Amino acid sequence: MSPSDMVNIAGIGVGSQGGGDIQNIATPDVPIERAFSMGGFLMQPYSGIKPERRGFGQRGGVANSDAPIQMGDAAEDKSFKHANIYALCDVDHDYAGHIMAGYPKAKKYHDFREMIDNEKEIDAVLIGTPDHTHAVIAAYAMRAGKHVFVEKPMAKTIHEVRFLRDLAKETGVVSQMGNQGHNIEGTMQTVEWIRSGAIGNVKEVHMWSNRPVWRQGYLDRPAGVAVPDNLKYDLWLGPAPDAPYSPETTHFAWRGLWDYGTGAMGDMGAHTFDAPIWALDLGMPTKIQATTTPFNGIYLPQAESVTYEFPARGNMPPVKVTWSDGGIKPARPAELEANRQLREALYIGDKGMLMHGTHGAAPELIPNDPGFVEPEKWLKRPSSVYVDFIEAIKEGRKAANDFEVSSKLTEIMLLTNIAVVSQQLNKTLEYDAENMKITNCEEANNYFHYEYRNGWKL
């Protein structure tokens, strides 16, 4: 392959998951050392034991070998180059320094706008920034004609999600959301098994997550401290409200704050909810209700339980879906053998049950059926979300999880937080998806978007 055949990729927000995305595009030129503290990581033991706070601080802070570094799933035993890592952008070159050192030939930037304006050779961007900046960066890139890969969730608000979906269609760029489980075998098996009638008509789905593994709950915002020289904090804030800097609210720790993150659902919902939406051809829920542990206007709740009601689709019956997080699991079905783990997604049909892990991993029937014969594999098996994105650019086609597909999943995910913040109104919310409106609770409609800080727009 000649250099002219290579797609030029720019990474934006590469200190954590975004760095993992980059490594799934091309092996680093220089081996990357991953061991550094993950600010805001919490070990979350059960049995009433108080969570242990670990890893607060920046790169180079307190060493913590237990903190998870989200580096993607790039294989370490082989080299590959699906595209050229042309430029890397991050508001903190210390936090992202391990990735930047791994690609010494890439041009380096702090501000994504300067990078996109200056580097005309960039073909596509991979966005791995906090949730609150996904939309403004993706919109800027698409308007400049760049193909866009955005980590999940696609955006922070439903208004942003629909805006990006429509802008991708308008500009004609290739789009992809970083939901790695969408393109894996387990997810496609789940779709094929359920659509073939392996467990009959599905009327219930139960999902859960052990997240959050960061601060959430009825908590005060950490006291502000001086902004370190290595961080462009105004850029990190982006469209979010002005607020004092703290190492306990930036980088990994931002996920639990309303201003920046979307909580456990935003982190893991795409990986678990995707397969049910696809397998059961779910549209938008017509009703949604949440109950949670205490929270405030600063942090999302530590744990939540949410119920969604989806209407009938063709010859498929209505479906009730539940989601719980904070380590709360659904009730174990009687058919689940003792000592058999209850995994992250459970489908209940009138002829049996199916269970799989996050990312649609390894579906299995309950009870075990040694005589089960898998239906014919009829779904196309695309490459990983990373390779599929690059191949879609080269072939001039849509990626498998483009914004038309992923916007629906993300909208359902974000409805969760609207239900959470509206629960004190003591109503089951009724949703009119066509008009993007909660019809029985006017106050809830205030949460479909928020006013950006001066200087920022879609």
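For this chain, numbers begin at 1 and follow the sequence in order. Since this is a predicted model, take the numbers as computed values, not measurements. Heavy atoms only: backbone and side chains are in, while hydrogens, waters and symmetry mates are out.
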Does R381 come within less than 4.0 Å of E192, counting only side-chain N to carboxylate O?
yes
Judged by atom type as modelled, is there a donor-acceptor pair below 3.5 Å linking the side chain of N445 to the main-chain atoms of I438?
yes
Can you name the closest pair of heavy atoms from P333 and M353 and give their distance?
CB-CE, 3.7 Å
Evaluate side-chain contact (heavy atoms from CB on, under 4.5 Å) for H449 paired with E160, printing each intermediate quantity in order.
CA-CA 7 Å; H449 196 48; E160 291 174 336; 3.6 Å; yes
State whether the side chain of R255 and the backbone N or O of D267 hold a donor-acceptor pair below 3.5 Å, judged by distance alone.
no
Decide whether T262 and D131 meet the rule of one side-chain donor and one side-chain acceptor closer than 3.5 Å.
yes
Which word best sums up how the rings of W278 and H182 line up, parallel for under 30°, tilted for 30 to 60°, or perpendicular for over 60°?
parallel
When you compare the side chain of M207 with that of V321, does any pair of heavy atoms fall below 4.5 Å?
yes
Does K408 count as lying over the ring of F403, i.e. NZ or CZ under 6.0 Å from the six-ring centre, within 45 degrees of the axis?
no
Close side-chain approach of R343 to E364, heavy-atom, < 4.5 Å
yes
Can you say whether the rings of F389 and F149 are parallel (under 30°), tilted (30 to 60°) or perpendicular (over 60°)?
perpendicular
To check you understand the geometry: which heavy-atom pair defines the closest contact between A279 and T190, and what is its length?
CB-O, 4.2 Å
From OG (S406) to CG (N401), nearest 0.5 Å:
5.0 Å
Decide if atom OH of Y218 counts as having more than 12 heavy atoms of other residues, nucleotides or ligands within a radius under 6.0 Å.
no
Walk me through it: do Q180 and Y386 pass the test side chain to side chain donor-acceptor pair (under 3.5 Å)?
CA-CA 8 Å; Q180 292 77 11; Y386 307 103; 2.8 Å; yes
Between S422 and E443, is any side-chain donor less than 3.5 angstrom from a side-chain acceptor?
no
Would you name the heavy atoms of E151 and H134 that are closest together and state the gap between them?
O-CE1, 3.1 Å
Taking the side chain as every heavy atom from C-beta outward, state whether M355 and E344 have any pair of such atoms under 4.5 Å apart.
no
Look at the rings of H271 and H359 and say which category their plane angle falls in: under 30° parallel, 30 to 60° tilted, over 60° perpendicular.
parallel
Would you say the side chain of T410 lies within less than 4.5 Å of the side chain of K152, judging by non-hydrogen atoms?
no
Out of N210, L346, L342, which one pairs with K329 under the side chain to side chain contact (heavy atoms under 4.5 Å, CB included) rule?
L342
Does a side-chain heavy-atom distance below 4.5 Å link F112 with Y140?
yes
More than 12 heavy atoms from other groups under 6.0 Å of CD on E337:
yes
V213 and F252: CA distance, side-chain angles, deciding distance, side-chain contact (heavy atoms from CB on, under 4.5 Å) verdict:
CA-CA 10 Å; V213 289; F252 178 78; 4.1 Å; yes
Exam field: side chain R165 to backbone D402, donor-acceptor pair closer than 3.5 Å:
no
Consider only side-chain N and O atoms of N296 and R221, and report whether a donor and an acceptor are under 3.5 Å apart.
no
Are side-chain heavy atoms of V385 and N179 found at a separation under 4.5 Å?
no
Would you call the rings of F163 and H159 parallel, tilted or perpendicular if under 30° counts as parallel and over 60° as perpendicular?
tilted
Separation between CZ of R162 and OG of S407, rounded to the nearest 0.5 Å
8.5 Å
How far apart are the closest heavy atoms of I22 and G11, and which atoms are they?
CD1-CA, 3.8 Å
Taking H132 for its side chain and W236 for its backbone only, find out whether a donor-acceptor pair lies under 3.5 Å.
yes
I'd like to know if the side chain of N417 reaches the main chain of V420, judged simply by a donor and an acceptor atom lying under 3.5 Å from each other, with no hydrogens or angles considered.
no
Return yes when atom CD of E434 has more than 12 non-hydrogen atoms of other residues, nucleotides or ligands closer than 6.0 Å, and no otherwise.
no
Measure across G102 and I32 and return the closest heavy-atom pair with its distance rounded to 0.1 Å.
CA-CG1, 3.9 Å
For the student: nearest non-hydrogen atoms of Y260 and A240, plus distance:
CE2-CB, 3.7 Å
Below 6.0 angstrom between ring centroids: does that apply to Y347 and H356?
yes
Report yes if some heavy atom in the side chain of K146 is under 4.5 Å from a heavy atom in the side chain of D123; otherwise report no.
no
Count the heavy atoms belonging to other residues, nucleotides or ligands that lie under 6.0 Å from CD of Q424, then report whether that count exceeds 12.
yes
Rounded to the nearest 0.5 Å, how far apart are CD1 of I199 and CH2 of W193?
10.5 Å
Okay, side chain of T286, backbone of Y431: is any donor-acceptor separation there less than 3.5 Å?
no
Does any N or O in the side chain of N440 come within less than 3.5 Å of the main-chain N or O of E430, such that one atom is a donor and the other an acceptor?
yes
Could you tell me whether the side chain of Q289 and the main chain of L429 form a donor-acceptor pair under 3.5 Å?
no
Are more than 12 heavy atoms from other residues, nucleotides or ligands located less than 6.0 Å from atom CG of D220?
no
Report the C-alpha distance between E170 and D166 in whole Å, list the side-chain angles of each, state the deciding distance to 0.1 Å, and finish with yes or no for side-chain contact (heavy atoms from CB on, under 4.5 Å).
CA-CA 6 Å; E170 175 188 327; D166 294 345; over 6 Å; no
Is the closest side-chain heavy-atom distance between Y308 and L415 below 4.5 Å?
no
So CD of Q189 and OG of S196: to nearest 0.5 Å the spacing works out to 11.0 Å
Under 3.5 Å: donor-acceptor pair, side chain of R453, backbone of G238:
yes
CA sep, side-chain torsions, deciding dist, call: K427, E442, salt bridge (charged side-chain N to carboxylate O under 4.0 Å, His left out)
CA-CA 11 Å; K427 292 182 180 179; E442 190 60 38; over 6 Å; no
Rounded at 0.5 Å granularity, tell me how far OG1 in T272 sits from CG in L409.
10.0 Å
With side-chain contact (heavy atoms from CB on, under 4.5 Å) as the criterion, how do Q423 and T292 come out once you've worked through the C-alpha distance, each side chain's angles and the decisive distance to 0.1 Å?
CA-CA 8 Å; Q423 66 181 290; T292 74; 2.8 Å; yes
Going from OG on S383 to NE2 on H82, what distance comes out if it is rounded to the nearest 0.5 angstrom?
8.0 Å
When you measure from the side chain of Q216 to the backbone N and O of P301, does any donor-acceptor pair fall under 3.5 Å?
yes
Flag for N24-D21: side-chain donor and acceptor within less than 3.5 Å
no
